[in-house]
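Lettering follows sequence order; numbering is per chain, from 1.
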Amino acid sequence: MPGVTSIPSRAGFLRARNYGLKAVSRGLVMQAAPNHLADWRVGFTASKKIGNAVTRNRARRRLRAVMRESLQPVARLGLDYVMIARYDTARREWQHLVDDVEKMVGYLHRQIDHRIDHQLDSPHGESQSARSARKGGQA
RNA sequence: UCAGAUGGCUGGAUGACCGCUGCCACCAACGGAGAAAUCCGGUGGGAGAGGAAAGUCCGGGCUCCACAGGAUCAGGAUGCCGGGUAACGCCCGGCGGGGGUGACCCCAGGGAAAGUGCCGCAGAAAACAAACCGCCCAUACGCCCCACGGGACGUAUGCUGGUAAGGGUGAAAAGGUGCGGUAAGAGCGCACCGCCAGGCUGGUAACAGGCUGGGCAUGGUAAACCCCAUCCGGAGCAAGACCAUGUAGGGACACAUGCCGCGUGCGGCUGGUGCGAUCCUGCACUGAUGUCCGGGUAGGUCGCUUGAGGCGGCUGGCAACAGCCCGCACUAGAUGAAUGGUCAUCACCCUCUGCGUCAUGCAGGCGGGACACAGAACCCGGCUUACAGGCCAUCUGACAGC
RNA sequence: GCGGCGUUUGUGUAGUGGUAAGACCUUAGCCUUCCAAGCUAAAGACGCGGGUUCGAUUCCCGCACGCCGCU
């Protein structure tokens with residue numbers, strides 16, 4: 001989709017999961033991780049646990065729509081976002097879903113800042129690209 | 001009017017804002033790449049899930065295994081008859097059997113006198129028949145009656161006494177019912193029904209009807225093995241093809257490596273390999289098999305959507321269906337996977353309130369509602385399964401009226 | 001998307017056209033001062049719906065659920 005880059009493979013999803021940073025709400029789960037690229041990306045997951053193919057498609061489409069409304073204006077360059085559908089994703093009221101995402105994005109960004117500041121003190125200065133991407137993404 | 005049967009159709013509507021994927025056109029204007037064609041972005045137009053898209057249960061197309069023919073064996077599938085179809089385990093029509101008052105529905109529905117196996121418990125006996133309780137007969141004994149001829153009852157015996165009516169067991173007991181017959185009985189005899197054999201008539205056939213003959217032999221199970229007939233090679237679009245990248249269109253070891261010709265790596269013969277096995281014929285290839293090591297794994301493009309296609313009409317056919325030209329509209333192609341998200345109104349359903357009726361209802365509400373089942377993934381023909389609500393046609397039964 | 005396999009007490013397994021067996025677990029009793037072990041007894045299952053058969057957990061068909069594989 002133009003303007004938004006999607007995570008292309010399973011490896012990207014696994015990296016986001018292993019980074020260990022996630023936020024949970026009734027409507028969905030979000031993960032975030034630095035991707036060491038000059039762009040931000042997003043991926044969607046709807047497992048068989050939440051329902052049949054129709055339900056999964058509906059959940060994924062609602063996630064995409066709420067991403068465009070609430071995540072795209074504030075997304076930071078250099079981050080991968082993974083949005084995971086839960087049982088209520090296809091059924092929850094739209095306004096609640098929007099509120100969930102806005103709250104979770106704020107939480108994730110604060111946690112990312114905390115981790116990067118903490119790593120600067122440690123001898124492993126691995127987060128150089130994420131640090132610079134954060135400055136660019138805020139513009 | 002009520003209760004049903006069969007077949008078919010439909011599968012929410014409108015509007016606003018914000019978006020997605022192909023296709024076509026434009027690029028006059030704006031941004032990027034390029035010498036340019038052009039490409040990306042952009043602008044405009046139009047298209048964009050189903051009757052089951054599902055389960056993956058059958059049959060095909062298509063692609064690869066290089067391909068083809070024959071014989072035998074193995075394995076699998078199907079199984080009344082006729083037709084339809086590219087084909088089918090599908091569909092249509094008929095036959096036979098079963099169910100229902102009926103419309104109508106259901107049936108893997110070939111072969112058990114080719115063979116083998118099995119038929120638990122119960123029962124005397126479960127398949128070359130046999131004989132538990134009985135019934136009948138003969139002899140002996142006991143006891144009773146007597147009109148002195150004999151008779152009733154009981155017990156025992158019968159070198160294999162006769163019998164299969166009745167009882168009882170079982171899912172099933174060796175044709176059924178009735179009359180005659182007999183010591184008692186029995187297809188022992190007869191009538192009807194059933195069965196078997198052979199003609200006859202009708203039908204393409206399954207089969208039906210009737211005639212003649214035979215006293216009756218042949219229990220069930222083949223969705224047990226099996227026999228008969230017919231059909232079937234394997235894998236599947238993650239098939240497969242091309243391009244790019246790459247230390248490479250891979251390497252090492254073991255086993256095997258025959259003969260002839262010459263130009264010394266090619267040709268021929270033999271051998272080997274090749275669609276479940278073996279064999280034969282043609283054909284193709286020149287290695288095959290095993291073990292170990294190495295490379296790639298976020299590649300791209302094609303395959304990829306117009307087809308045994310749909311709707312209407314005419315002709316043939318009871319129908320499935322076929323033919324014809326005629327007419328019509330045309331027809332999703334995604335690939336972390338588009339075809340949507342939100343809101344409003346209406347329709348629909350549920351619920352509540354009021355009114356009314358034998359009953360179905362009518363009016364209303366800041367009420368509630370994942371608005372049925374369900375999402376294309378190479379494409380068709382079927383089957384099966386899921387499905388809120390609504391509509392149409394034909395037919396059956398009951399009740400009422402004319 | 002495509003291909004294959006399997007469902008038996010609470011758990012992991014046998015089994016076969018007629019009675020479903022045994023192990024661990026659970027419950028009760030005995031034994032012991034008590035517990036464990038041991039002994040005795042009991043309870044508890046053929047995924048669902050049809051069909052074939054006298055009779056189906058078994059044979060056949062259709063569903064549901066679960067598992068495995070794919071260059």
Side-chain angles (χ1 to χ4, degrees):
Chain A
M1 60 189 84
V4 179
T5 309
S6 63
I7 299 172
S9 76
R10 181 167 173 78
F13 286 85
L14 290 176
R15 192 182 318 118
R17 195 185 70 189
N18 291 332
Y19 189 74
L21 181 59
K22 72 174 180 184
V24 183
S25 72
R26 175 156 184 181
L28 74 160
V29 177
M30 284 189 72
Q31 297 170 334
N35 61 7
H36 310 294
L37 296 174
D39 199 359
W40 67 280
R41 303 188 300 185
V42 67
F44 304 96
T45 294
S47 77
K48 274 192 177 178
K49 269 190 291 187
I50 69 167
N52 59 17
V54 175
T55 306
R56 295 201 301 275
N57 278 345
R58 180 172 163 81
R60 194 167 341 105
R61 285 162 181 156
R62 295 191 89 190
L63 287 182
R64 195 171 295 139
V66 75
M67 180 276 295
R68 187 173 298 110
E69 187 161 323
S70 302
L71 177 62
Q72 192 169 9
V74 300
R76 294 188 183 180
L77 300 182
L79 286 183
D80 274 354
Y81 299 91
V82 175
M83 305 175 77
I84 302 168
R86 303 184 71 188
Y87 180 81
D88 284 328
T89 304
R91 299 166 181 81
R92 192 164 166 78
E93 275 201 34
W94 176 249
Q95 194 52 50
H96 289 163
L97 212 56
V98 171
D99 294 342
D100 287 344
V101 169
E102 286 172 354
K103 230 177 291 182
M104 287 154 72
V105 168
Y107 168 80
L108 289 172
H109 285 177
R110 283 195 305 278
Q111 290 296 315
I112 289 277
D113 290 342
H114 181 74
R115 290 197 184 200
I116 289 172
D117 291 342
H118 193 72
Q119 278 182 354
L120 278 183
D121 299 338
S122 69
H124 312 285
E126 181 123 18
S127 58
Q128 205 62 24
S129 60
R131 179 79 174 173
S132 59
R134 172 189 161 204
K135 287 176 180 168
Q138 289 287 46

Which base sits across from B/G82 as a Watson-Crick or G-U pair, both distances under 3.5 Å? B/C92
Nearest-angstrom distance, C1' atom, C/C59 to B/G389: 43 Å
G-U wobble or Watson-Crick pairing nucleotide for B/U278 (cut-off 3.5 Å, both distances): B/A71
What is the separation between atom CG on A/N52 and atom P on B/G50, rounded to the nearest whole Å? 17 Å
Between protein and nucleic acid, restricted to nucleotides 339-342 of chain B and to nitrogen or oxygen atoms under 3.5 Å apart, what atom pairs and distances do you find?
{"unit_1": "B/U339", "atom_1": "OP2", "unit_2": "A/R61", "atom_2": "NE", "d": "2.8"}
{"unit_1": "B/U339", "atom_1": "OP2", "unit_2": "A/R61", "atom_2": "NH2", "d": "3.2"}
{"unit_1": "B/G341", "atom_1": "OP1", "unit_2": "A/R58", "atom_2": "NH1", "d": "3.1"}
{"unit_1": "B/U342", "atom_1": "OP1", "unit_2": "A/R62", "atom_2": "NE", "d": "2.9"}
{"unit_1": "B/U342", "atom_1": "OP1", "unit_2": "A/R62", "atom_2": "NH2", "d": "2.8"}

Syn or anti for B/A49, with syn set at within 90° of 0? syn
Enter syn or anti for the glycosidic conformation of B/G51, syn applying to angles within 90° of 0. syn
Quick one: pull up CD1 in A/I84 and CD1 in A/I50 and give me the separation to the nearest 0.5 Å. 11.0 Å
Using every non-hydrogen atom in the two residues, find where A/W40 and A/L71 come nearest and quote the distance to one decimal. CZ3-CD2, 4.2 Å
Minimum heavy-atom distance A/R56-A/A46, with the two atoms named: CD-O, 3.4 Å
Spacing of A/D99 atom CG and A/E93 atom CD [to the nearest 0.5 Å]: 10.5 Å
Mind checking the P distance from B/A386 to B/C373? Whole angstroms is fine. 14 Å
Check the chi torsion on B/G22 and let me know: syn if it falls within 90° of 0, anti if not. syn
Joint hydrophobic cluster, A/M30 plus A/L77, side-chain heavy atoms closer than 4.5 Å: yes
In B/U301, glycosidic geometry as syn within 90° of 0 or anti otherwise: anti
Protein-nucleotide distance (A/R56, atom CZ; B/A377, atom P), rounded to Å: 13 Å
Upstream residue (5' side of RNA chain B) when A/F13 and A/R41 are each assigned their closest nucleotide: A/R41
So which heavy atom on A/R76 is nearest to which on A/Y81, and how close? N-OH, 3.3 Å
C1'-based separation of B/G166 from B/C135 [nearest Å]: 9 Å
Using whole Å, report how far CG of A/L63 lies from P of B/A338. 13 Å
Note every stem involving RNA chain C: at least three consecutive Watson-Crick or G-U wobble pairs, i with j then i+1 with j-1, with both distances under 3.5 Å. C:1-7 with C:64-70, C:26-30 with C:38-42, C:47-51 with C:59-63
Identify the nucleotide, in any strand shown, that forms a Watson-Crick or G-U wobble pair with B/C314, with both distances under 3.5 Å; if there is none, say none. B/G323
Under 4.0 angstrom, heavy atoms only, what part of the nucleic acid is A/T55 near: base, sugar-phosphate, or nothing? nothing
Using the C1' atom as the point on both nucleotides, what is the distance between B/C188 and B/G181, in whole Å? 8 Å
Taking atom C1' of B/A370 as reference, at what distance in whole Å does atom CZ of A/R26 sit? 13 Å
Answer for the Watson-Crick or wobble partner of B/G389, both distances under 3.5 Å, is B/U10
Searching all strands shown, indicate the nucleotide that pairs with B/C17 (Watson-Crick or G-U wobble; both distances under 3.5 Å). B/G341
Say you pick atom P in B/G76 and the same atom in B/G312; how far apart are they, in whole Å? 47 Å
Glycosidic torsion of B/G69 (syn if within 90° of 0, anti otherwise) classifies it as anti
Nearest-angstrom distance from the residue atom CG of A/N57 to C1' of B/G50: 14 Å
Rounded distance (nearest 0.5 Å) linking atom CD1 of A/I112 with atom OH of A/Y19: 4.5 Å
Between C/C61 and B/C106, how far is it from one C1' atom to the other, in whole Å? 15 Å
Rounded to the nearest angstrom, tell me the gap between atom CD in A/E93 and atom C1' in B/G369. 13 Å
If two hydrophobic side chains count as joined below 4.5 Å and joins carry through other members, does A/L21 share a cluster with A/V74? yes
Send over the distance from A/D80 CG to B/A298 P, rounded to a whole Å. 16 Å
Mind checking who B/C179 pairs with, Watson-Crick or G-U wobble, both distances under 3.5 Å? B/G189
Between A/Q95 and A/A53, name the one whose nearest nucleotide on RNA chain B is closer to the 5' end. A/Q95
Interatomic distance at C1', B/A124 relative to B/G170, whole Å: 14 Å
As its Watson-Crick or G-U partner within any shown strand, both distances under 3.5 Å, B/A284 has B/U273
Is the backbone N or O of A/R91 less than 3.5 Å from a side-chain atom of A/D88, with the two atoms forming a donor-acceptor pair by type? no
Give me the distance, rounded to whole Å, that separates B/C80 from B/G75 when you measure between the C1' atoms they each carry. 28 Å
Closest non-hydrogen atom pair, A/M83 against A/L63: O-CD1, 3.9 Å
Quick check: closest heavy atoms across A/F44 and A/M67, and the distance to 0.1 Å? CZ-CE, 4.1 Å
To the nearest angstrom, the CD-C1' distance between A/E69 and B/C343 comes to 12 Å
If we call it a pair only when both distances are under 3.5 Å in a Watson-Crick or G-U wobble match, what pairs with B/A298? none
Could you give me the CA-CA distance, side-chain angles and deciding distance for A/H109 and A/V105, then say whether side chain to side chain contact (heavy atoms under 4.5 Å, CB included) is met? CA-CA 6 Å; A/H109 285 177; A/V105 168; 3.6 Å; yes
